[in-house]
Each structure stands twice: as structure tokens, then as C-alpha cells.
Amino acid sequence: MSQIEKKNQEFVKTNAAALDKENNQEFGYWKSLKDISSEEDYNRFLKQSEHNIDNGLSRRNFLSLIAASVALAGLEGCKKPVQKIIPYVEAEIGTIPGIPKYYASTLPFKNNALGVVIENHDERPVKVEGNEKHPATMGKSNSFAQASTLEMYDPDRARGIKFKGNNIDWSEYLKFAKSLNETDGKGLAVLMQESSSPTIKSIKEDFKKNLPNANWVVYESINNENLYDGIEKAFSKRLQPLYRLENAQIIVSLGSDFLGVDDNNIYHTRKFAQNRDIVDENSTMNRLYVAESSISSTGSSADHRLNVAQHEMENLLAELAYELKVLGLPINANKVKGPNNLWIKAAAKDLMSNEGESILLGGSSLSKEFHQLIALINHQLNAPVDYYPLSLSQVSSINDFKSLCDDMKKGKIENLIILGANPVYDSPADFDFAKSLSKVKNTVHLTNIVDETSKLCSWNIAMNHYFECWGDAMTYDGFVSVVQPQIMPLFDSRSAIQVLSPIVYSKEQSAYDTVKSVWKSKIIKKGNFDRAWDKVLHDGLFEKPLFNSVDVKPSSKASTKVLNDNFKLDNNKFEIIFNPSSSVYDGRYANNGWLQEIPKPVTSLTWDNAALISLKVAKKLNIKNGQMLEIAVGSKTIKIPAFITPGQNQKSISLELGYGRKFEGRIGNGVGFNVYPLRTSNNSCFVLNASIKVLNETYPLASTQDHHGLEEDKYAAPGFDDLAPKEAQSRIPELVKQSTLDYYQDNPDWVQKKVEQHKPDKKKSWADHSMYNPDWDYSKGPQWGMSIDLTSCTSCNACSIACQSENNIPVVGKEQVMKGREMHWIRIDNYFSGDPDNPEVSTQSVACVHCELAPCETVCPVAATTHSSDGVNQMTYNRCLGTRYCANNCPYKVRKFNFYNYTRDLPEVVQMAMNPDVSIRFRGVMEKCTYCYQRVSAARISAENENREIKDGDFQVACQQSCPADAIKFGDINDPNSEVSKAKRRNRDYALLAHLGTAPRTTYLAKIRNQNPMLVSNSYNGGSH
Amino acid sequence: MSKFGVIARFESPESLVHAAEKVRDKGFTKFDCHSPFPIHGMDDAMGLKRSKLGYLIGAMGLTGALFGFGLQTWIHSIEYPMNISGKPYFAYPAYAIITFELMVLFSAFGAVFGMMFFNRIPRFHHPVFYSEKFSDVSSDAFYVSIEVDDPKYDENNVIDFLRNIGGTEIEVLSDEN
Amino acid sequence: MSVKSKADIRAEKLLPGNQDFTSITNDIAGVPEQKKTPIQWWLLFGFALSLLAIFVGSVGFLIWEGTGIWGINNPVFWGWAIINFVWWVGIGHAGTLISAILHLFRQNWRNAINRFAETMTLFAVICALVFPGIHVGRIWVAYWFLPLPNQMGMWPNMRSPLIWDFFAVFTYFTVSLLFWYTGLIPDLATLRDRAKGLKKKVYGFFALGWRGGNRQWQHYELAYLVLAGISTPLVLSVHSVVSSDFATSVIPGWHTTIFPPYFVAGAIYSGFGMVMTLSIIARKVYNLGHIITVEHLDKMAQIMLLTGCMVGYAYSMEFFVAWYSGNPYESFAFVNRALGPYWWGYWAMIFCNVVVPQFFWFEKYRRHIPFLFITSILVNIGMWFERFVIVVITLHRDFMPGAWAMYNPTMFDVAIYLGTFGLFFTGFLLFLRFLPMVSIAEAKLVLPESNPHHGHDHE
Amino acid sequence: MQIFPRWTNNFPGIFLIAVFLLVFSLSSFIWYYGSPYYTDVGYAPTQPVPYSHKLHAGDMGIDCRYCHVGVEQGYSAVIPPTETCMGCHTYVKTDSEQLKLVRESWETGKPIEWIKVHMLPEYAYFNHSAHVNSGVACISCHGNIAEMEVVYQVQPLSMDWCLDCHRSDAPEVRPVSEVTNMYWTPPADYDQFVSSWVAEHGEERPVGDCQKCHR
């Protein structure tokens, strides 16, 4: 079969998966399958993806057109420019131009699979949502998944095939690859990132078979190797744990950021939040203990956070083990003197008293002994952890990688195939990969962008985005889901399968065929394959898992001794912790503007990484925010600006990985500071005895929030620098209403009491306090409203990026962010209170709250912002004049202004990522949350067309759909049975700044902390003023 | 060439007022007293009735107010009712200011253009300008002018009369061309 | 008679030396009739023009690039543009006030300075009107402010204070212009009668053929009186309306009922400051010491003392109410003004607007020209800071600490502000050069001879 | 001395008349020539293929929805693909000169580039299905297509024009079954129909709901 025909077939199958989200699956794929499969289909498919680009572009220019037509104000100027309509040549079955189609697919992330549904407008994928049928996402998503759209349309992506920098034909590579196939594999090595793809796995097996002497290495700079080793030591099986948090009442995390950037965070957050969904004072909720050295999303959502240095984490575990001795652990634990007794005792007590419903999690950054111990304890606690075989997925192995590097140095490796990884940038400093690479004759780099590694490789092959290629991936618990293309490759790129197959099989195989054959032989063994396969394409995954959880029993007797006296920290020295970045992870997302600009949880820092230091250290060494530090570990030194962070351990300095890249990415090149040089193979997670030198140069850091409540007001009148922080502190209980569970159970109505306090007339609703009776009646028809649960929100940023993707929100760049001009419609406020070393964090995501009596509307001189009959505060961009009065008068400061034409220099490719249902805003125009009115309209119109009332669940707004904690509810508040009405009926419901009488449609559910009476610290029970 | 009338110069505001009284008593009606600045009590001296200008201004002011209020009411209650901050369509308290401003604006126009209308200015060409001396009236001169088409006008008598009441530099002006 | 009449005494204070109608005419009309333009005028004019150039340039760039070139951000969406707008409008108040109110009260001493003040008003208001125009994001649709029929079927939102503002300032400008021109007609006639050649034709055209007949004076005086009558509430309304831009909002520090009177007082205050500055310069350059006398300056200083105290009262009242209301947001807004990051702005305001004028309790200082000159300038600096305090300091920290931020102006903020001075002085200098800076007709009314019953005080 | 000749005394009159004329002519000029009635209505570009709606929709009576398949489901009515033309023209007029481009497109797979007649600004999100399904006829906005050799714009399609219908108590509606009928005449009880229609659809008509069209 020719390449063309194969692609054509790929197309057919893509089409097969076309489905209206709700119904007629039968019709959906059966018909399309029969009807289309010919050369033309493929050509047409190509054409669509081309000419639909135009559709995408035209939307954005609308306001500049107005500008133009005004510019040439002559009467001829009023004549509109000639526009073309370019129809299909052939009708596309089941397609009406302009009606989006949804295809199920999978985002492979390391050795996990995130099932997604991708929204296509005219064959142009523009939005990623979670796949409700998929066990790892359950319809939810995270910021990486949301931002993958922009990654797809990154103009800096590598293009075509290059040999020593020159474009070269694919066939040349095929020749080279086939030549490798002739050998027995001596001197050949494949280096790839972690993967759980059964297809890649089977290719690997054939590779081993056909090229016995070849070498296949998996390396990932951020990996769980210690965890797996630990479990292996504990149960003598190498297993993948899966934490069933929905069954856990007590969760103790020692350095694990399982709600934040750790793997499988969607699953964890979703399950964790299920036990935080408090209906009323009688509901129960789980309790989270977190011990960590720098504050993370997990730490900020903890009920009890303990601030310990990373290197003391193991002592902590030892002490905990001692407290848990009574369980009869296969451990010889002896008491360890630690300062944290109370916390440990409390945690231990809870763990034991909730046996079977309590769980202990360890940070992947800790030693194997540590994890061994944790595994044993969990087993003893009969904790809700399932263990699954790892054999089918390929996980990183530092030893393999080390030996590979050694072989390369020795010149034993002649041909190296690097699939996706970027080892020159992110491999341990002591390996000096770049040097070893120079010893290799032929190096092939399959890469999505020309990066540090590509520059040193002879062959550069552009890698497919997962929107463009066939593939598959598997969840921890063995559910295999399929990656299916949404669009033909934009940049003449290839998938790993296409690169490997000529080497392994000495002939090129289309990704589609390979995947399908693997599924046929390995996955869908029983029944009618074609039928099952089509269902897989439709659902996105195969309903039966490949394997079940395995039972484990302790094999070894562990000892806490190994833990105790490993680490010594000299005085005036610090430990350095390397954390994956919540924005760019290990650096792979460095060229993604959305992720670079999203404020990081807790610090609200954008466009940079920094050395996070504690307030006390800053005071002692007199360090200001942004002051450059020189951090020295042994001989290696780096320079990086300091950022003072509450909750940071005094002994440790946290550094985010993934910045300071030197590659051909216009967005991410040179952003931030590269900290990999300090990171070596044997302390890849933290390193002791770093010394810091305070330089007297400062570096501008762009943080989107000036006031978290604990920092001093450095410009204030002499002697009053604590004024603003004090005020901020005093407002926290007002804005983020919160209490402990106990207090809430004793005073279930405390929130309502506080709301009432400010009402002039208790009987009346807020809207009734208007000066004269309005002509408006919101009791009819659907009335939209939102409820945000502050108890389950983990400030993970998924909503903010989902919003950015859905509503075409521009990226403005570091300078503008520093001026305070970031455009995110959803702002996530972080407030700190209490002890600076271990503060209580109150997070709150704030978007337009759609006041029924909106201050912004009445002041607009041209009626550009008005109220709709369904109660939405509407911003009409094309009427907006830009007086900015509305934004001034907004008490919540949620309106964002286009100070410049931020989309002016947007490359055309990026414009393909834009949602055609939403206008691109021109400069001088105000914008804000619209409750995703494009979705409201679509749902309303289809309901009307079907002559039915619009019903709850017909649609979701972007933030709600993405929220892995399911903290956001949206719907019709006139429908008593809608999710949002139920949420708003809860007695924790309150409106932000209610005393202003703006009567917001978005309300919040008060934050409840489930604190252990043994160590209650919560400062606000019902709050102050 | 048509005659205009006679003009005579007087020394001071005081003398001008007295002259005016005399001319009035003599029964002249088509006459005027020219001075560099308005002279207190001259209206009575000349026996002029109160100016009608006030009524015009009042009418204009009322029009402005009604227009202003009407416009706003029409826009928000009739032409394009919109829900703005949940306020009623007919938000009359908010209309007060523009109503007031338009009232002031219209009455200002009334005052200025009404004044021009009553004074019949602009009138760039006028017989009195033929007199060289008369131009001092805008600086320090005081003149009485009696016009031809006054029923009691008889050139010689008028000249004598003016001389008797202390007028100097008497000129007879006519509209030459 | 042995005892001097009141009229004589007043006249000697306001018009020292033996003045008569002729001399007044010559003195005042002499200035625009100068054959040779004084060198100082050329220097000032050149300076003004260069500022104007800066203005045109930076506004051009603003329109090309967008309001991003300013320091404004979220939450401080209004910066210098609005500050300057309010400041210029405020200055524009003295003119009409002096002419109108003092005319109604028959304060003849105003006659020496009203023309001056009115002219200053005109150009100040022009400068003010520039800002609402250029500060909008999409300047090419700024005409949407006007209630014009259009194919969108859209109308302005008449509930918006900005629209009130637009109508108020526009009306104020138009009425001031009419008032100014009406007052100018007799003087134009004077110039017409004294000029030669083309000048004569030009003045003649604008004098509309004024003949000074009493039948004209009769309507003229009534019109002028009515204009004064309606201008008085107008002048008070304008800044009240401007203040409503802030007062009708919900932002703590803006949402205040005291604003209208307080703004008006401030406006008059700064207006008189500016008149003082200008008249001191003019009387020096054109040595008109005998027409704009120390007596005039003294009287202005007294009014400044009064309004200065009113403003000071307002400042203290704001604080009292903020505390008394028990509203934490309100209280912090004001504490933050005095002690927050922009404390220097607040105290600069207090010093210039409240402390400095206290010297005017003493006649010595009211009549000390250099002191007056410096003070009058300080006052306007203070008034600028008042608007800075109200706009920037209020906005930068309102309800939600999460949205608090700092505001830093850029060079374009400064350039455009300085530029408006170019606009202002260019216009004003042209006026000085070609029009009588003191109302000739009215100046004569100060002379006792002007009153036909002069010397008969017993009557 | 006299400065101006006598005729200048007529100046005020002349001035007033001039001002009046200027204002009147200027405003009426802009009013008419600036409005869509002048700028848009009647726009009838020549299409690459001289397709006659009169022939197809009128004389042959092909229903609009035969080609414009999207009109009942999507926001766009959809310009038919070449396939639709070829559906008949593989058998009918197979060698017509006028259909050359169509055949080419079919053979080469290169789409025909039609010229857009009814253009809305890009910030106006009009939805055909919402209107057609609630009884707004094609003819109301597009005029009697069935009698157009060359399609041209009949209505101004300005916002004000939209609002005219959306705001009126007697909007131009008819039974959904009749929307494509170009020669439909209102029945006797039309008034009742309209009033009941308004009662039913009242809420769905965005009058002040800006974002129903602009977002």
C-alpha cells in the first residue's frame, strides 16, 4: 500500500469516530464507514484542513475591519470588501460547516494516558476536554491537557526532516534506517521517554528480537523510579500503585504533591474532591495532612500542613513508623527525637483509627527505602491502594541511561535514535550527555521543536503532535485508549512508530496499520474485531482493562535505621529542592505561551522560575524579591533571582526545573533560569549543603498578585509598612469565608448569619434594595448562575487555561504582566495568614460574578455592557469605546482591558487555535467572563430547534468542564433541580462583597477545613468583622 | 441719496442723560443716545420700555429642558429599552443633569442671538459711520442722534434744539452712494 | 465737597492716578495696537509653541499605538489623563465665576480681571476637553458619545455620569464662549474705531457693527445679565457633575456625597490660583499695575483663603466620615491615602492646599506680589495632587487585596500633560496680543464720572 | 468712517440661509449615502458560475433546502458542494459552456469560489436555524430569490433593521412549514397566529440581549 492510501485510511477511521456527543452512536460510525473510502476523501480531507484555516483567520480581524472602514471614512469606505465563500467539492457525510464535531482521543503523558475529547471546528481541533468514559480523566482535565491545543499550533515546531541542518527527503532517512536493520543491532541504541503505549511496547519486543545486540533505554528526568524500587523492595514485585483516594478518610502526604504536578493529578484531584463535597453540616469529609518543605497546591489545600526540610522527611517517616508500631509492622522502628511530635502523633492516631480508610503518600523525590516503608505501612493499614503490573509500560531507569552514556563515551554506540526526549538539556549534570553525544556517529532526534539536543544530532525529524498521529496509551490500571488524528500533520512531521518501523521491520509501516495490528493481536482478542475497534474509536478506549490489580504481601523486613542518619546539613548551608514546574513541567512546555503566563499556584509568579526562600531567611540575609542569588553546590554554581515565599522551609531553597532553555522557541527561549546544572544522578531530587551568595543585582519578576497578606508594604509611609498586610489579613475571612468542620457542625448557619449582618433589611433579598422597583423579572426562563466550592478547589489553574483556550484570551508577555495587564478572565487569588513559616492558605478563583445590579453597566456611556434577560452581565466588544469606567467601578476588578492590540503579531498558525465562536478582541476594548455565552447560545438554539426547554447538563461552561475537583457548578438557578441550584441551597453559600448589594450570580461555598482537634490552628471560625 | 438724520455730541454721561430727557420731553421717538458704556438710568431718560428679550430666553430655556428630558425618556423607555444594572427604563433621577444642561445651553443661545436680533446686529453698514468724529463714541464721546423718519423731524428745528440743549459738533448725516 | 464720595475712594483704590475715559481706552487698547511686539511675548510664544509640538506628537503616537503607552493598568484604569481633565476643568472655573457671580453682585472690582479670567476659562476648558477625547480606547468611534441617529439603532446610555460629564463640559464651554464674546463686542467696536486698514475690517467684522446706542445697550445689558444669571448655576453644576463620575461609583474613597461641593470649592480655588498667576505676569509684562491693582490681587487672595479652607474642611470631613461610618473598606481607603505607598502625594496636597493659603489671613502676604505669585502656583500643584489622590490612590487599592497593584506613569503621561500647557499658552498669548485683556467698557464704569448721578450721593 | 458697503447688511440673512442649507444637505447626504440602503442593498456581484435561482428555485421549483442543507441545523445555510450540482448535471446539460467551471471543480477537486452577497460583520453571529425553525421565512431577509436571475441584496441587513422585526409586536413570521415558500399569502386569521406566536416566542427574541448576536 502506498503512503497516500494509508493516510487516506487514517482519514477514514478518523471519520469513523465522528460522533454527536450524546446519541446515535449506531448511525454515527456505521454509515460513515461504509460510505467513504476513496482517493478523493483523502484529498478533500487535506483541502478542508487547508481552507478551513481561512475560516479560522477571518474571525479575528473583525474589529480591525471596523477600524479600517472608519479609517477610510469616505463613502466608498462604507462599501464592504468582497468576500469569498469556498464550499466543499463533495459533501462531507454528517457535516454541516460551522457545527463542531467531537472526536475521542488520548493525551499520552509519560507512562499514563489522559483520555480526552477534542472539539473540531471545520476539521480544525481547537479545544480539549476530558473524556467522561476514561478512568484517568473522568471528563476532567488539567492545565497541560488544556494548553496542548496551543502546542499543536506552535509556529516554532520542527518541520520536515533535516540532515545536518539541511532539508532532506524522508526516503533518505528510510535508506539509513533500513541500513540499520541489516545489522544485528550492535552499536545501535534507542533512547525514549516514558510511555505506556502497547504499540511501542510490541515494537520494542520486535526490536529486541530483530536486533538482539541493540540497546533500548528509557529515561525521564522526572520519574518515579524510587517509588517503584521501594515497592519492589517491599513486595518483591515492580508495581504501579494507584491510590483510591475516594475511599480514603485520612490522607497523609509526606512531600507528595499528588494534587499538583505529580503524575495522574486529574485522577487524584477528582477522587480527593469527592470526599470534600460537603452538602450540609451532617456530611463528612476527608482530612489531609501534608508535610512538605515548599508550599504546593497540595500543601495549600491541606488541613494540617507541616513545614519540614526535605532531608528531614525521612526522619519524619521513621517517627511516624514508630508511632504506628502497634500495627505490628514488619519494621524495627525505634523512637526518633523530632520537633514535630504532636503533628506525627495526631497523624498516626488518625491513620490507625481509620484503618482501611487511611492512606500514606510519599513524594516521588524520596529514597527507595522511604517508599519501601510507606508501601509496608499502607499494606499494614490496609490502605485503599491498588497495585498494577508495570511490565507493559516503559519507565525510566537511571542505570540503563548511565550505562548508555558510558557506552557512548567509550564510542561503543554508533547510531543513537532519540525519540522525543531532550537529554542534552535535562539529563543529570554529572553524565555530561552533550559530550557523550559528540562521540556518536549517527544521531537521530525525533523532536517537536529544534531544541538543545536536536542541535547536536545529525538527523532531525519533526515529531507529530498527538492531534496529528495514530497511537495508543494505557492507564495505570490497564485501560488502553487510542490516540487518533484530528488533522493531517501541519509541519510534515512523523510519529515514533513511523521512525522505528523501518529500523525494526526494514519497511515503513503506517502508524495506523501498526496500531491496529497490535490491538488486533494483543488487546481486542475476542469477538468481532472491526466492530469492537469502531466502538473503541468512538469511546476512545477499550472497555476491558488489560490486567487486574495484583495482590501483594510483604517480602522483606524493612528497617527505619537506613532512614535515620543519612543527611547532615551544615550551618549557614541550605538544601536545594528540585521541583517539576507547574507551568513547563520538566521544560517540555517551555514554548507554550498559555502555560508560561499562567500564574503559578501559591506564588502567582509568571514567565520565570525563581529560588523560593522563606521570609526569615530573607530577613536574616536581607534579601529582597528579585535579588539575584548565586547558588553553589560543590563546584557547580548558578545565578537565579530570589522570591520570598511564605511556608518555605528555612533550611531549604526550592528551584523549579524546566526553565532557562536555549532552543528555537520564540516564546520560551531564555525564559527563566536553568537549574539542571546543579542536578546530578545521585541527588536528582534534592541536594544538601548548598551555599548561597547574595549578589547586589536584581532581576524583574512578574507576579500577578502584589498582596498575599504577609509581605510588607515597602513603599508605604515610613513606619507603616505593616498597614496594608494587616488590612489584607483582616479582609481574608470576609472574602474567603472559612471555618473548621467542627465549628461548622456546631454552627451550621454561621455563613448565613454573616451574610445577613450587612443587609439593611433582613427580609428583603439584595435585589429588592434597589432605589426603585426595576422593570426586570428574573423569575422566568432559564437564569444562569454559578457556584464555586472553595473547600474542594485546589487552585490548579485548569479552569483559567480552559477559559483562555475557549475564549481566545491573548498572551500579553512578561512586560505587560509586570504592568498588571494580564488578561486571564479567571484570576486565582492566594491569601496567606497566620505563621509565615506555615501559613494558612486561602485561595479563591474570581471571574466576573455577573451582578444582577451591576455597577459596571450603569456607568458605560455607550451601553456596551448591559444585562440579558437570562441574567448575564454582557460585554459587547464591538460597541465598546474603551473609557474603562466599567472596570474602575467593578468592586471585584475582574474586567480586563486590551491596552494594546495584543493579537496584532499573532502568527497565522496560532490563529488556527482560536475558537471561531468567539470574537478576537481589538485594542481599546474591555473584556471579561461571559459565562461562555457562545455555549449557552448553542445549547439554547438547539433546544429551541427541538422545541424543548433547555435542561440541566445540556452544556457545561469551559471552567466547569475542566475543573478536576468539580468545584464549579453552572446552570439554571430557576430550575430547583439543577446542580447549581442544589449547590446554592447549601448553607455555606455566600456572595462576594454582598454588602454592596450587587446581587452576584456567581456565589461561593465557604471553605471548610477538617482539622484535628488535637492541633486546631484555624484562626477564622466565622471570621472577624 | 436718502437722509439719515442729525447727530450732536455731548460732554459727559451726565449731560447726555439730561439731553436725553429733554429730547424725550420734546416728543421725539426715533432717537438714540450713543455712549462708550451703558449709562445708569438712561432707559428712563429716553423713556424706553422694558426689553422683551427675557421672554424669548425663558421660552428657549423651557424648550431646552423639555427636549433634554424628552430625548432621554424616548431613548430609554420607547426607542430602545435595555436592562442596564437592573434599573427601570424610566430612570428619571438620572435624567436631571442633562435636562438642566440643555436648558442652560438653549437659554444661552436665546440670550445672545435674541440680543442680536433685537439689536438688529450684525449691521456692518450704518449712516452714523460716515461721521469721523462719531467713532470716538466707542472711547470717550457721547452722542445723541435723531432720525429723519421721526414724525416730528424738521431739520432746522432739530439742529437748533440740539444746540440749545448743549450739543456740539452737530452733523447732518445722509446715506450717500 | 469736603468728604470724598464712596465711589471716589473705590475708584482710587481700583484705578489709581488720574484716569479718565480717554486714558483708559488708550492704556488698554494700546496693548493690542502696539506696532512692535515685545520680545518677552515672542520668547513666551516660542516656548508655548514647542510645548504644543510635543503635545501633537505624543497624542499622535497615542492614537497610533493605543492607551497602552500610558502607565494605566488593572486596577488603575484611569491615570493622568483623567487627573489632567479634572484639573483643567477646575481651573476653567474662575473665569465664568468671576464674571458671572461677581457681576450679579455688582462687584465692580471684577471689571479689571474678568476678561482675563474668561479667556483663561476658554483655553483651560479646551485643554480639559482634549482628555476625554483621547483617553478612550477606540478614538475613532468617540462620536458614539453623541445621541445621533444611526443604522445600529444604538443610543448613548444617558444614565452614565460620563455622558452627563460630556454634556456639562460641552455646555459650559459653549456658554463661556458666548459670554466672553458678548462681553467683547463693545471693545471690538473700540478697536475697530481706532484701527486702520485690514485690522479695521477684521475688528469691524467681529464688532458686528456695534454703535453704542442705548437702544442696543438696553438689550445688551439684559442679555449679559441673564448670561451671568444662568452661568452661575452652570459653573456650580459643571464640577458637581465631574465629581459625580467618582461619587456615583461604588469604590471606597469615591463613593462620597461630599464630592460636589468639595469639587466646586476646589475648582474655584485652583481657578483663582491660575488667574492670579497669569495676571501677575501680564501686569508686569504690560505694566498695567494701575489697572490690575494690588487691591484686585488682595481680593482674589481672600477668595483663595476662603475656598482653601473649604477644601481643607472637606479633606478632614472625608476622614471623619470614613472613620465614623465604621466601614472598614472606606476607612482603609483614606488611611491608605495618607500612609500608603503614595503618602507623599497626599501630604503634598495638604501642604499646598491647606497650609499655604493660611498666610492669607495677613494682609502683608495678600499684598506681597512675589509671595502671591509663588503661592498661586503652589495652589495649582496642590490641586493636581488632589486629583492624583482621588484617582490613583483610590483605585490602586480597593476591595480585593488580590487585585491591588501599583501605578507608574510613563513619559507619555508627562509629555501629554506638559503638551496641554503648550495648547493653553499658545491660545492665551495670541489673545494678549490681539484682544483687549481688560474690558474697556466695563473698566470705565469704575470711574465716578461714569455714573450720571456722580457727586449726588445724598440722592 | 464707513468700513463696509451697504449690501453687507444682508449678511445675517445670507448667513442663516447658508447655515441651514449646509446642515440640511450634509445630514441628508450622510443619512442616505451612508446608510446600508445605499451601501449594501442591491449589491449583485457576478458569480464565477452564472447560476440562476430564477431557473432552479423559481421555474423548476427546487426547494431551497435541497442545496442549502445547513439552514435548519447550523448557523450557516451552507453553499452547496460541487457534488450537489453534479448530482444533476452529470446527466443534464453535460456539455453546457456555463457549467465548465463546475465540471472542472469536480474533476480537479478544486472548490468553486463563490462571491458572498449577504455579508454580516464578523462580530454579528447570525444563526439561520434559530430563525427558520421559528417561522421566519427566507423571503423576509433575502427577498424573492425565486425571481432573481442574479442574486442581490434586498434588505439593508443593518442592526437597526434586525431590531425592527425583533422589536415589533407583529413580526414577519409564518408557519414553519411555509418558510421556503416564496408566494405564501397570510391566511385570514393571520393576526391571531402572530399574536400567539409572539406569546410563545417572546422570550427568545433578543432585544436587549446583546450577546445573543455579539460575542
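Since the structure is predicted, the reported quantities are computational estimates derived from the model, not experimental observations. Proteins get letters first, then strands, A, B, ... in listed order; numbering begins at 1 in each.
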- Is D/Lys116 atom NZ crowded by more than 12 heavy atoms from other residues, nucleotides or ligands, each under 6.0 Å away? yes
- Is the closest side-chain heavy-atom distance between B/His125 and D/Trp7 below 4.5 Å? no
- How far does CG of D/Asn9 sit from CZ of B/Arg120, to the nearest 0.5 angstrom? 12.5 Å
- Query: Does OH in B/Tyr89 sit with more than 12 non-hydrogen atoms of other residues, nucleotides or ligands closer than 6.0 Å?
  - Reply: yes
- Message: Tell me the closest heavy-atom pair linking D/Pro12 and B/Pro122, and the distance in Å.
- Response: CG-O, 3.3 Å
- To the nearest 0.5 Å, what is the distance between NE2 (B/His126) and CZ (D/Arg6)? 11.0 Å
- Item | Separation between CD of D/Gln2 and CZ of B/Phe129, rounded to the nearest 0.5 Å | 6.5 Å
- Within 6.0 Å of CH2 in D/Trp31, more than 12 heavy atoms from elsewhere: no
- Has B/His40 got more than 12 heavy atoms of other residues, nucleotides or ligands less than 6.0 Å from its NE2? no
- Message: Testing the basics here: between B/Tyr80 and D/Arg167, what is the closest heavy-atom pair and its distance to 0.1 Å?
- Response: CG-NH1, 3.3 Å
- Message: More than 12 heavy atoms of other residues, nucleotides or ligands under 6.0 Å from CZ of B/Phe67: yes or no?
- Response: no
